[in-house]
Protein chains: 2
Amino acid sequence: MPAEPLARSLGPPDAVLRRLSAYAPLAPDEEALLRQITARPAPVAPRTELVRDGDAAPRPQVLVEGWACRQRLLADGRRQIVVVLLPGDLIGLDRRRRPLPFGSVTTLTAAQVCEAGPLRERAARGGAAGDGTGAGTGEGTGLAAALRQAREMEEIWLVNQVVRLGRQTAYERVAHFLLELRERLSTVDRVQDDRFSFPITQEVLADALGLSVVHMNRTMQQLRRDGLIEQRATAITLRDVPALVSIADYAGAHGA
Amino acid sequence: MPAEPLARSLGPPDAVLRRLSAYAPLAPDEEALLRQITARPAPVAPRTELVRDGDAAPRPQVLVEGWACRQRLLADGRRQIVVVLLPGDLIGLDRRRRPLPFGSVTTLTAAQVCEAGPLRERAARGGAAGDGTGAGTGEGTGLAAALRQAREMEEIWLVNQVVRLGRQTAYERVAHFLLELRERLSTVDRVQDDRFSFPITQEVLADALGLSVVHMNRTMQQLRRDGLIEQRATAITLRDVPALVSIADYAGAHGA
DNA sequence: CGCAGTTTTGATAGCCCTCAAGGGACGTGG
DNA sequence: CCACGTCCCTTGAGGGCTATCAAAACTGCG
């Protein structure tokens with residue numbers, strides 16, 4: 001099962017570096033550290049658990065290639081995907097002091113993962129960090145700032161997810177989710193002309209958006225019939241972003 | 001309009017201190033700072049916006065008394081409450097570097113709020129923090145550790161909310177939510193014999209749990225009829241916590 | 001060429017929403 | 001003391017969105 005032929009063609013595999021330097025400018029030695037960490041990514045099969053539920057000390061990792069997710073299972077087998085993780089995303093970088101029932105982290109596709117312990121240590125030791133109170137104007141620079149930003153982005157994705165699941169219809173949910181994916185993937189150069197790799201099954205999509213597989217399928221069909229999206233192989237194209245934005249009431253995570 | 005007669009009888013107003021020292025042991029001077037900050041709380045009317053949506057630099061505040069929420073409004077008026085904030089909870093303590101579309105923070109009841117700028121500064125300056133890599137065993141102490149823990153707890157509440165909204169029925173959602181409230185309120189000594197103040201309307205509850213007011217009402221009735229909860233005035237009693245836990249598939253945020 | 005996983009389709013049912021209206025609690029004012 | 005408004009809770013009826021069950025078409029693959 002090839003990981004993501006399209007993704008590879010759409011961008012080189014330095015997703016983590018792209019992601020973090022989009023969040024905050026990095027010092028040369030920090031970039032070097034990142035390159036070193038991601039030099040030899042470990043291939044991981046689909047449906048592999050990267051972090052077990054309740055794990056006391058999840059190892060810091062970075063997702064270099066492929067998609068994954070944080071998910072939680074209910075006792076009767078129902079699954080809720082809490083957040084989808086994309087190339088360049090971080091896993092377990094927050095130092096936790098207690099084993100928290102966060103759910104597990106699992107790959108959705110074939111993926112490539114790197115250990116990121118040194119990244120956390122480097123950030124903890126501090127650097128160009130702008131820790132000053134700064135009243136909010138300062139952005140902060142350096143690895144620590146980038147990691148903070150990464151954490152805040154993840155919180156935004158969670159809030160988005162709550163709004164989708166709580167107050168939007170299936171149609172709106174899918175539109176909103178696709179727009180979020182587009183925005184996130186574009187920061188790692190995986191989007192061209194509103195087209196990007198889309199390597200997950202409708203079952204996964206359903207578990208992410210709180211729907212049944214059958215209804216997920218019908219909703220996708222509706223979006224296609226309405227000319228809003230187009231799927232070929234494992235890639236998807238958003239054919240009318242403004243319309244999608246309007247439907248989903250989408251307000252991105254822009255900085256202004 | 002009296003804020004919360006029951007709450008007052010169930011616990012003294014030093015909710016913030018209780019909350020934070022439950023997260024991590026504080027140094028004497030940190031406790032003193034907390035007492036100083038919360039010495040003169042400002043009364044706030046219900047439905048008051050404490051943080052506006054997209055606010056670049058939300059002022060750090062602590063909720064000393066009353067309930068509030070983070071919420072997001074859709075263009076057509078639909079409202080989703082992202083997370084409910086209880087006495088002792090923190091608001092805007094994370095230093096943000098960009099204006100993020102987080103939604104607004106609004107009081108749900110009459111409340112008492114304190115500015116907490118000094119708290120953030122004190123934590124940033126560092127203290128007894130256990131920043132060592134520690135492999136996960138160390139808990140960390142001091143204000144900074146407590147604030148980190150507070151942030152992680154909020155993330156757990158978000159994940160809980162996602163699971164509720166995505167994969168649970170109305171009945172399960174309410175059970176799950178009530179158990180979470182019980183657990184959170186108990187850390188600030190606002191729970192006695194599974195009974196606690198419950199000062200929000202069913203409309204608020206509906207917006208928190210992604211339901212209509214009518215269905216919210218019917219679900220509460222069902223829970224009462226099943227002998228699981230009991231409401232009198234503005235207080236609620238969980239009459240069968242094990243049953244509720246089973247129904248909701250509730251796994252608290254315990255440390256083991 | 002059959003197998004397993006995925007997508008698709010049809011039919012039926014159910015959870016939950018919307019609309020509408022009545023009742024209760026509380027405070028205000030006459 | 002009672003009329004009256006407001007807010008909240010409650011109830012009824014009808015319908016729509018979405019789930020479930022079942023099975024067929026499709027795809028990639030060994």
Side-chain angles (χ1 to χ4, degrees), chain A residues 1-6 45-47 67 74 76-80 107-110 164-177 198-226 229-236 247, chain B residues 1-3 5 45-47 67 74 76-80 108-110 164-177 198-225 229-236 247:
Chain A
M1 192 185 291
E4 292 176 23
L6 181 71
R47 308 191 184 197
W67 290 25
L74 297 185
D76 62 358
R78 279 175 288 181
R79 171 171 78 156
Q80 177 61 46
T107 54
L108 296 171
T109 69
R164 277 192 294 259
L165 296 174
R167 283 302 183 211
Q168 294 198 301
T169 66
Y171 197 72
E172 295 166 339
R173 277 180 221 183
V174 177
H176 197 281
F177 185 63
F198 195 67
I200 56 176
T201 67
Q202 295 186 350
E203 183 186 359
V204 169
L205 207 45
D207 281 338
L209 296 181
L211 300 169
S212 70
V213 188
V214 172
H215 197 60
M216 186 73 247
N217 181 283
R218 294 191 164 121
T219 304
M220 294 293 283
Q221 288 182 50
Q222 190 60 47
L223 284 164
R224 280 187 296 235
R225 250 176 279 137
D226 294 345
I229 65 173
E230 192 176 319
Q231 265 183 298
R232 282 202 318 274
T234 61
I236 195 171
I247 289 166
Chain B
M1 193 182 293
R47 306 187 186 198
W67 290 25
L74 296 185
D76 62 359
R78 280 176 288 181
R79 170 171 77 156
Q80 177 61 46
L108 295 171
T109 70
R164 277 193 294 259
L165 296 174
R167 282 302 182 211
Q168 293 197 301
T169 66
Y171 197 72
E172 295 166 338
R173 276 181 223 184
V174 177
H176 198 281
F177 185 63
F198 196 66
I200 56 177
T201 67
Q202 295 186 349
E203 183 186 359
V204 168
L205 207 44
D207 282 337
L209 296 180
L211 300 169
S212 70
V213 187
V214 172
H215 198 60
M216 187 72 247
N217 180 284
R218 293 188 165 123
T219 304
M220 294 294 283
Q221 287 182 50
Q222 190 60 47
L223 284 164
R224 281 187 296 236
R225 250 176 280 137
I229 66 172
E230 193 176 317
Q231 267 183 296
R232 283 201 316 275
T234 62
I236 194 170
I247 289 166

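The analysis underlying the following values was restricted to heavy atoms, covering all of them including side chains, and did not include hydrogens, waters or symmetry mates. Per chain, numbering begins at 1; letters A, B, ... match sequence-line order.
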| remark: Considering only heavy side-chain atoms of B:Arg218, the closest of D:dA13, C:dT7, C:dC16 is D:dA13

| said: Looking only at the side chain of B:Val214 (C-beta and beyond, no hydrogens), which of the listed nucleotides C:dT6, C:dA20, D:dT20 gets closest? | reply: C:dA20

| request: Give me the one residue out of A:Gln202, A:Glu203, A:Gln222 that meets side-chain hydrogen bond (donor to acceptor under 3.5 Å, both in side chains) with A:Asn217. | output: A:Gln202

| For the residue pair B:Gln80 and B:Leu165, what are the closest heavy atoms and their distance? | NE2-CD1, 3.9 Å

| Taking all atoms of both residues into account, what is the closest heavy-atom pair of A:Leu108 and A:Pro46, and its distance? | O-CB, 4.1 Å

| Side chain proximity check, B:Phe177 to B:Leu205, heavy atoms < 4.5 angstrom | yes

Rounding to an integer number of Å, can you tell me how far [X] [atom1] sits from [N] [atom2]?
X	N	atom1	atom2	answer
B:Tyr171	C:dG14	OH	P	18 Å
B:Gln168	D:dA19	CD	C1'	16 Å
B:Gln231	D:dT10	CD	P	8 Å
A:Leu108	C:dT6	CG	P	12 Å
A:Gln222	C:dT7	CD	P	18 Å
B:Met216	D:dT11	CE	C1'	16 Å

| With distance as the sole test, does B:Arg164 use its side chain to make a donor-acceptor pair with the main-chain N or O of B:Arg173 at under 3.5 Å? | no

| query | Is there a donor-acceptor pair closer than 3.5 Å between any side-chain N or O of A:Arg218 and the backbone N or O of A:Val213? | reply | no

Under 4.0 Å between any heavy atoms, over every strand shown, what does [X] touch: base, sugar-phosphate, or nothing? Just pick one.
X	result
B:Ser212	base
A:Arg224	sugar-phosphate
B:Arg47	sugar-phosphate

| query | Taking only N and O in the side chain of B:Gln221, is any of them less than 4.0 Å away from OP1 or OP2 of D:dT11? | reply | yes

| said: Counting only heavy atoms from other residues, nucleotides and ligands, does the tally under 6.0 Å from CZ of A:Arg225 exceed 12? | reply: yes

| request: Hey, which sits more toward the 5' end of DNA chain C by its nearest nucleotide, A:Arg167 or A:Asn217? | output: A:Asn217

| task | Identify, residue by residue, the members of residues 202-211 of chain A with a heavy atom below 4.0 Å from DNA chain C, and return them in order of residue number, or none. | result | A:Gln202

| request: Could you check A:His215 against B:Thr201 and say which one's nearest nucleotide on DNA chain D is further toward the 5' end? | output: B:Thr201

